[in-house]
Amino acid sequence: MAELGVNIDHVATVRQARRTYEPDPVWAATLAELGGADGITIHLREDRRHIQDRDFTLLRETVTVKLNLELACVAEILDLACHVKPDQATLVPEKREEVTTEGGLDIVSNRDVVARAVGQLRDAGIVVSLFLDPDASQVDVAAQIGAHAVELHTGQYALAKGEQREEELAKLVTAGNQITALGMTLHAGHGLNYQNVKPVAAIPAMHELNIGHSIVSRAVMVGMERAVREMKSLISS
Ligand code: PXP
C-alpha cells in the first residue's frame, strides 16, 4: 500500500495571508500524524511565500514520521537542508511567478547542477527524490546521477479527462516500471484529490503519494461547521 505524505504548505499560506501565528503548520502536522499520515511534506521556497525557516526547524523537532522537504537546486536552501537534515529531500523546479510547481525538473538539460545537489544531499545522509515528468530520458538520468527515488508529476493526469486521462495514467505506469527496474523507489504527486487518487495509488510498486491542496481544502470544509459553532457559543454565553 502506498504511503501518504501530507503536504501542509497551504496551512502556512493561510497564516502568511495575515503574517500572523495561526494556523500553525506545526500543529497541523501533528493532527495529520494523528490522522494517519506516513509523512509530512513541506516546500521551503526561495521566496518564502508559505513555509518559513522556523517551520522547517520546528517540524524537524516535532514530526515523528518521515519529514520530506521539497526544494529547488539553490545553494542557500540546499545548505539549510544539509544542516537541518529532513529524512528526505525532493528536488523540484521553482519559478517565482508560478502559482505552484508547474512541471517536473529537466535533468537532461540541467544534469550537472542537479547531480551536484543530489551529491550534496546524499553526503548529508538525506534520501533524495527527484520530481520528474513521466519521461524515459529524464528517468534514465535520475538513475545515473544517484537519485534514490523519483516522484512522478501527476499534474497532467489530474488535468486530463476521459480517454486522455487513461493515456496519462499509462504514461505513469510505464515510467513507474522503468523507475523500479532501475532500482529507484516510486513516488507520485501533484493535483491528486479524493476523486482521482485511486488509479495512481494502484500503480504497482507505488511507494509514496504526496498530496496537499485537496487535503487542506477538505480540512477547511469539514472543520467549518464546528469552528462556527464554537465562536457562536462564545458570543452567546
Ligand atoms: N509533490 C510535489 C513535488 C509538489 O511540488 C507538490 C506541490 O507543492 C505536491 C506534491 C502536492 O501537490 P498538491 O498540493 O497539488 O496536492
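Predicted model, so just to flag it, every value in this text is computed and none were measured. Indexing begins at 1, ligand by ligand and atom by atom, following the structure's order. Because only heavy atoms are used, hydrogens play no part in the values below, and waters and symmetry mates are left out as well, while side chains stay in.
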Handout entry: Enumerated ligand 1 atoms positioned under 4.0 Å from heavy atoms of Asn210
Key = 10 (C), 11 (C)
Exercise for the section: Establish, for the pair Arg165 and Tyr157, whether the NZ or CZ atom is under 6.0 angstrom from the six-membered ring centre and no further than 45 degrees off its axis. Expected result: yes
Fill in the blank from the handout: Checking heavy-atom distances from atom 8 (O) of ligand 1 to each of Glu70, His190, Glu94, Glu151, the winner is Glu70
Handout entry: Short N or O distance, Phe131 and ligand 1, threshold 3.5 Å exclusive
Key = no
Handout entry: Polar side chain donor-acceptor pair, Glu33 to Thr64, under 3.5 angstrom
Key = yes
Completion exercise
Atoms of ligand 1 under 4.0 Å from any heavy atom of Asn7, numbered from 1 in the order shown, are 8 (O)
Handout entry: Atoms of ligand 1 close to His213 [distance to a heavy atom under 4.0 angstrom, numbered from 1]
Key = 13 (P), 14 (O), 16 (O)
Problem - Heavy-atom side-chain contact between Leu209 and Val197 under 4.5 Å - result: yes
Handout entry: Other ILVMFWY residues reachable from Val127 by side-chain steps of under 4.5 Å
Key = none
Completion exercise
The atoms of ligand 1 lying under 4.0 Å from a heavy atom of Val92, numbered in the order shown, are 3 (C)
Exercise for the section: Considering the heavy atoms of Ile211, write down every atom of ligand 1 situated less than 4.0 Å from one of them. Expected result: 16 (O)
Practice task
Report yes or no: does Ser214 have a heavy atom closer than 4.0 Å to ligand 1?
Solution key: no
Problem - Check: Gly189 main-chain N/O paired with Asn210 side-chain donor or acceptor under 3.5 Å - result: no
Fill in the blank from the handout: By salt bridge (Lys or Arg N to Asp or Glu O under 4.0 Å), Glu76 pairs with (sequence neighbours left out) Arg48
